[in-house]
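Only one structure is covered here, and it is reproduced in the block below.
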Amino acid sequence: MKNQQIAKIFSEIAELLELKGENMFRIRAYQRAAQNLDGLSKDVSGLSREELESIPGIGKDLAAKIREYLETGAIAKHEELKKEIPEGVLELLSIPGLGPKKAKMLHEKIKVKSIVELETAIRQGKLSGLPGIQKKTVDNILQGIELLKRGTERRLLGRVLPLAEDMVRRMKDGAPVGRIEVAGSIRRWKETVKDIDILTTSKKPEKVMDVFVKLPNVSRVLAHGETKSSVVTEDGIQVDLRVVEEESFGAALQYFTGSKQHNIKLREMAVRAGLKINEYGVFTEPGGKRKGGREEEDVYKALKLPYIPPELREDTGEIEAALEGKLPDLVTPDEIKGDLHVHTRWSDGSHDLGTIVEAARNKGYQYIAITDHTKGLGVAHGLDEKRLAEEMRVIDDANAKLTGFRILKGTEIDIRSDGRLDLPDSAIAALDIVVASIHSGFKQTQEQITKRILSAIRNPFVSVIAHPTGRLIGEREAYAIDMDTVLKEAAKYGVAMEINANPLRLDLNDYHIKMALGYGVPLVISTDTHVTTQFDFMAYGVSVARRGWVEKKDVLNALPVELLMKRLNACRANKAKRVKAAS
DNA sequence: GCCGTTTTCGGCCCGACTGTTTTCAGTCG
């Protein structure tokens, strides 16, 4: 798909125009178009001129530019701008606190063309005497450069969420706060986040702010105001705190949860309905009469919309669905009845069966599937045919002593680099569930990888494909997989795709999940637990599922155990029939 | 540059904090 490439060029054009000081609405038009292209599920290369222009934010001119790129591989306007403004000047915009106006001025007055050059210029004192720049501004730029060097990349939700919750706890303990909640992309459960947004109410805002900027893990205070403060923690994460009145808490929570695009669309709707929405509430316009804002629902109600859960607020069709009364009834954590991907000490897990079962029962589950690795994974003490059979006998014994809980007999079978499974069919035929996944040959071509997964899907006993892209967020790229082909095949055979709940994996991701639902592929949400505490990863898995518009009916492990077994057996029967028909 | 059941022209989401200013521009979210 060329969408992302074109989106990138559009946003670069926007930045270049900013540096030129062009009309800001024109700049916004490019930014908006870039965002919409980035989130578009259809490939633009197949679209006609009319279809292009029907994309929100794309008009005659930008449609022509998209076609220009598709035909020539470049956009003339973009190339011209790049000639005018050296590439390094763009990089100045990435310095926090330094925007287009100052970057432009620095480039024009002292010919700075990169961050390195800017640093040198500062050390040589070349910035003194420039209009609007005094010592404080110079200090801020230097600190901004430091911040940038320490890494401003997006961080794993699984790392940041616990930090955010910890800060909320400390604020509750040490400051006179009323309602307090984490907002921003954390609340939308985005897989990676840039900063932490916390929102609270208080009768003594100044006191709250004083406590906040002095929290023990704060290393720098960026802003310290009456209602808004920003700090950077020792880990280099920015945390913003806002204090609002009780009557505004809902509106503020809605506002600071975002996404930006979602909110802009709501506000545009509000303007058309003669209303004004800001972080303090919903107001009539003109007149300014308050129509609500204490609760988040007030905002949606004012626009005659049902409540839209945070995970859906990405402006990817949720507002349109809400208008039509077609919002999904999203799956919830307490609808999950069991975990279908769990390891024990038999392979690379940390606990014996008893400990794992006890932890699962404490989570309130009705069942788990034990899915230890197979022999191909030597490092994980993978099981051969004989040990797998032994493990299954142990599980049978354990089941005989359990009431109200069932251990499903399973395995996470390795899909070898040649595409064959790691154990013969005879070894896995009697299992309740077979989860297949790739652990080697990540560098293979898309054709090879896809072929391996397809052959696993067609195996008569495989019922789930685990962590289907193999990515480790921020550490390892997904392998080259033709997801479209894989999902179609999975739908055909009734094989489920896993949403791996480990915050480092989270694949399928929200985008692929939507694709899977479109093809009618069954889903499972599993934690891939190796240590009992990892059962708690389920919250991440369910949230990604929700971001992918998943309902309870789409999730196999939201079924009670009898129905789950029925589905798994039906999948096998279906495969057997297909194999017979083919022969 | 986009967009329209007020408009094909004239709007375009909205507010807080900082620093350098004597009333506001720049930046951010």
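Numbers restart at 1 for each chain; the letters A, B, ... are given by sequence-line order, proteins then strands.
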Side chains of residues 57-72 of chain A: which donor-acceptor partners sit under 3.5 Å, not counting sequence neighbours?
residue : atom : partner : partner atom : Å
A:Asp61 : OD2  : A:Lys65 : NZ           : 2.6
A:Glu68 : OE2  : A:Ala76 : N            : 2.8
A:Tyr69 : OH   : A:Gln5  : OE1          : 3.0
A:Thr72 : OG1  : A:Glu68 : O            : 2.8
A:Thr72 : OG1  : A:Ala74 : N            : 3.3
A:Thr72 : OG1  : A:Ala74 : O            : 2.9

Integer angstrom distance from the [atom1] of [N] to that of [M]:
N      : M      : atom1 : result
B:dC3  : B:dT8  : C1'   : 9 Å
B:dT21 : B:dG26 : C1'   : 12 Å
B:dT22 : B:dC14 : P     : 29 Å
B:dC2  : B:dT6  : P     : 23 Å
B:dC13 : B:dT23 : C1'   : 24 Å
B:dC12 : B:dT7  : C1'   : 13 Å
B:dG11 : B:dG19 : C1'   : 31 Å

Drop me the distance from A:Thr469's OG1 to A:Glu498's CD, to the nearest 0.5 angstrom.
->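 Going from the OG1 atom of A:Thr469 to the CD atom of A:Glu498 covers 10.5 Å.
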Rounded to the nearest 0.5 Å, what's the gap from OG1 on A:Thr527 to CD1 on A:Ile336? Could you check?
->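 So the OG1 of A:Thr527 and the CD1 of A:Ile336 are separated by 11.0 Å.
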Please set out all donor-acceptor pairs under 3.5 angstrom arising from side-chain atoms of residues 264-283 of chain A, sequence neighbours excluded.
residue  : atom : partner  : partner atom : Å
A:Lys265 : NZ   : A:Asp315 : OD1          : 3.0
A:Lys265 : NZ   : A:Glu320 : OE2          : 2.9
A:Asn278 : OD1  : A:Tyr280 : N            : 2.8
A:Asn278 : OD1  : A:Gly281 : N            : 3.2
A:Glu279 : OE2  : A:Arg242 : NH2          : 3.2

Is [X] salt-bridged to [Y], going by a charged N under 4.0 Å from an acidic O?
X        : Y        : value
A:Asp510 : A:Lys514 : no
A:Glu477 : A:Arg471 : no
A:Asp166 : A:Arg169 : yes
A:Glu247 : A:Arg290 : yes

For DNA chain B, what residues of [range] have any heavy atom nearer than 4.0 Å?
range                       : result
residues 268-277 of chain A : A:Glu268, A:Lys276, A:Ile277
residues 101-115 of chain A : A:Lys101, A:Lys102
residues 252-264 of chain A : A:Tyr255, A:Lys260

Sequence neighbours excluded - ring-ring contact (aromatic ring centres under 6.0 Å, His included) pairs with any residue from [range]:
range                       : answer
residues 122-148 of chain A : none
residues 94-132 of chain A  : none
residues 219-240 of chain A : none

With heavy atoms under 4.0 Å as the rule, sort [X] into base, sugar-phosphate or nothing.
X        : result
A:Ile27  : nothing
A:Ile58  : sugar-phosphate
A:Thr227 : sugar-phosphate
A:Leu17  : nothing

Without placing hydrogens or testing angles, list every side-chain donor-acceptor pair under 3.5 Å for residues 8-18 of chain A, not counting sequence neighbours.
residue : atom : partner : partner atom : Å
A:Ser11 : OG   : A:Ala7  : O            : 3.3
A:Ser11 : OG   : A:Lys8  : O            : 3.1
A:Glu12 : OE2  : A:His78 : NE2          : 3.2

Using heavy atoms to find the nearest nucleotide of DNA chain B for A:Thr137 and A:Arg267 separately, return the residue whose nucleotide is more 5′.
->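 The answer here is A:Arg267.
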Return the 5'-most residue of the pair A:Asn278, A:Asn23 with respect to DNA chain B, ranking by each residue's nearest nucleotide.
->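 Per heavy-atom nearest nucleotide, the more 5' residue is A:Asn23.
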Using the heavy-atom set of chain A and a strict 4.0 Å cut-off, write down the first and last nucleotide of DNA chain B that makes it in, 5' to 3'.
->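 Footprint of chain A along DNA chain B, 5' to 3': B:dG1 to B:dG29.
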Do any side-chain atoms of residues 182-189 of chain A form donor-acceptor pairs under 3.5 angstrom with protein atoms, and if so which ones, sequence neighbours left out?
residue  : atom : partner  : partner atom : Å
A:Arg187 : NH1  : A:Thr257 : OG1          : 2.8
A:Arg187 : NH1  : A:Glu296 : OE2          : 2.8
A:Arg187 : NH2  : A:Glu296 : OE1          : 2.8
A:Arg188 : NE   : A:Glu314 : OE2          : 2.8
A:Arg188 : NH1  : A:Thr257 : O            : 2.7

Output all residues satisfying side-chain contact (heavy atoms from CB on, under 4.5 Å) with A:Asn3, sequence neighbours left out; order by chain, then residue number.
->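 With sequence neighbours excluded, A:Asn3 shows a side-chain contact (heavy atoms from CB on, under 4.5 Å) to A:Met1, A:Leu40, A:Asp43, A:Val44, given in chain and number order.
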Identify the nucleotide, in any strand shown, that forms a Watson-Crick or G-U wobble pair with B:dT8, with both distances under 3.5 Å; if there is none, say none.
->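 Per the H-bond distance test, none.
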